[in-house]
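Letters go in sequence order (proteins before strands), and every chain restarts at 1.
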Amino acid sequence: AQSVTQPDIHITVSEGASLELRCNYSYGATPYLFWYVQSPGQGLQLLLKYFSGDTLVQGIKGFEAEFKRSQSSFNLRKPSVHWSDAAEYFCAVVPGTGGSYIPTFGRGTSLIVHP
Amino acid sequence: DTAVSQTPKYLVTQMGNDKSIKCEQNLGHDTMYWYKQDSKKFLKIMFSYNNKELIINETVPNRFSPKSPDKAHLNLHINSLELGDSAVYFCASSQDLRRGGLLEQFFGPGTRLTVL
């Protein structure tokens with residue numbers, strides 16, 4: 001079974017600083033990979049996704065993520081964080097092959113932004 | 001123009017009661033989902049329906065029964081509520097995932113269920 005690890009429960013950054021949120025997955029083949037953001041009291045919103053092709057994907061709100069097959073990672077980055085980016089971030093994996101489309105979410109990383 | 005809506009937003013009830021949460025999507029999607037998010041923010045899929053057909057049914061107590069009257073609606077009925085059912089329940093929808101449509105899932109705002 002696939003698993004997703006987000007090793008950082010909380011990350012605190014200053015506004016304007018760069019950000020990297022880590023995500024590692026465990027699965028035999030390359031799965032479909034997603035990053036979602038959840039603002040307080042809201043549902044999840046897709047930031048970006050990777051299916052195949054270019055390993056650096058661009059998303060909304062200035063986020064990008066890089067897929068590294070050798071490290072089984074899909075880390076989320078942003079060059080300059082804004083106070084409105086404070087939220088919970090979830091990495092998700094879907095196998096896709098063998099007819100399995102059951103998504104697995106990481107535990108989430110809470111981003112705190114200091115002024 | 002709410003894409004995925006859920007009612008109610010908050011639900012407080014006593015142990016042993018039966019309650020329902022409603023979900024509607026106006027995106028024309030074929031697939032709808034129910035997720036449970038616990039107090040530690042862990043998000044786990046419960047069910048998925050595609051065109052009113054159940055296609056994903058994770059290990060969920062049979063006290064939980066999803067009902068899909070049409071492909072735009074997926075309701076969740078919970079019998080004999082227990083303290084451990086307290087959580088935030090999210091509805092979501094996407095295009096038909098079985099035809100390679102596993103694209104963006106659109107989530108509703110969530111229903112916070114508190115069982116006393």
(Q) Determine whether A:Phe105 and B:Phe42 satisfy the following criterion, ring-ring contact (aromatic ring centres under 6.0 Å, His included), listing intermediate values before the conclusion. (A) CA-CA 8 Å; A:Phe105 283 78; B:Phe42 183 53; 8.9 Å; no

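- With a 4.5 Å cut-off on non-hydrogen atoms, A:Gln42 touches chain B through its backbone but not through its side chain.
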Q: Please step through side chain to side chain contact (heavy atoms under 4.5 Å, CB included) for the pair A:Phe90 and B:Gln37, ending with a clear verdict.
A: CA-CA 12 Å; A:Phe90 293 92; B:Gln37 186 176 48; 3.4 Å; yes

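- In the hydrophobic cluster analysis, where Ile, Leu, Val, Met, Phe, Trp and Tyr join through side-chain heavy atoms closer than 4.5 angstrom, B:Leu74 is grouped together with B:Tyr89.
- Proximity to chain A (any heavy atom under 4.5 Å) is restricted, for B:Ile45, to the side chain, taken from C-beta onward.
- Tracing side-chain contacts under 4.5 Å through hydrophobic residues (I, L, V, M, F, W, Y), one reaches B:Trp34 starting from B:Leu81; they form part of the same cluster.
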Q: Determine, stepwise, if the pair B:Phe106 / A:Gln45 fulfils side chain to side chain contact (heavy atoms under 4.5 Å, CB included).
A: CA-CA 7 Å; B:Phe106 290 79; A:Gln45 181 185 22; over 6 Å; no

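- In terms of heavy-atom pairs under 4.5 Å with chain B, the best-connected choice from A:Gly43, A:Gly41, A:Ala92 is A:Gly43.
- A single hydrophobic cluster is seen to contain both A:Leu19 and A:Val37, as judged by linkage of ILVMFWY side chains at heavy-atom distances under 4.5 Å, directly or through other members.
- Residue A:Leu48 is grouped with residue A:Tyr25 when hydrophobic side chains (ILVMFWY) are merged at heavy-atom distances under 4.5 angstrom, including chains of intermediate members.
- In this structure, A:Ile9 places its CD1 atom where only 12 or fewer heavy-atom neighbours from other residues, nucleotides or ligands lie under 6.0 Å away.
- Minimum interatomic distance between B:Phe107 and A:Tyr36 (heavy atoms only, all atoms of both residues): CE1-CE2, 3.7 Å.
- Within the 4.5 Å cutoff, the side chain of B:Phe90 has heavy atoms near those of the A:Gln38 side chain.
- The two atoms that bring B:Gln105 and A:Pro103 nearest to each other are NE2-CG, 4.1 Å, heavy atoms only.
- Counting only heavy atoms from C-beta outward, the side chains of B:Lys40 and A:Arg107 approach each other to under 4.5 Å.
- Side-chain heavy atoms closer than 4.5 Å link hydrophobic residues (I, L, V, M, F, W, Y) into clusters, and following such links, even through other members, never connects B:Val60 to B:Ile55.
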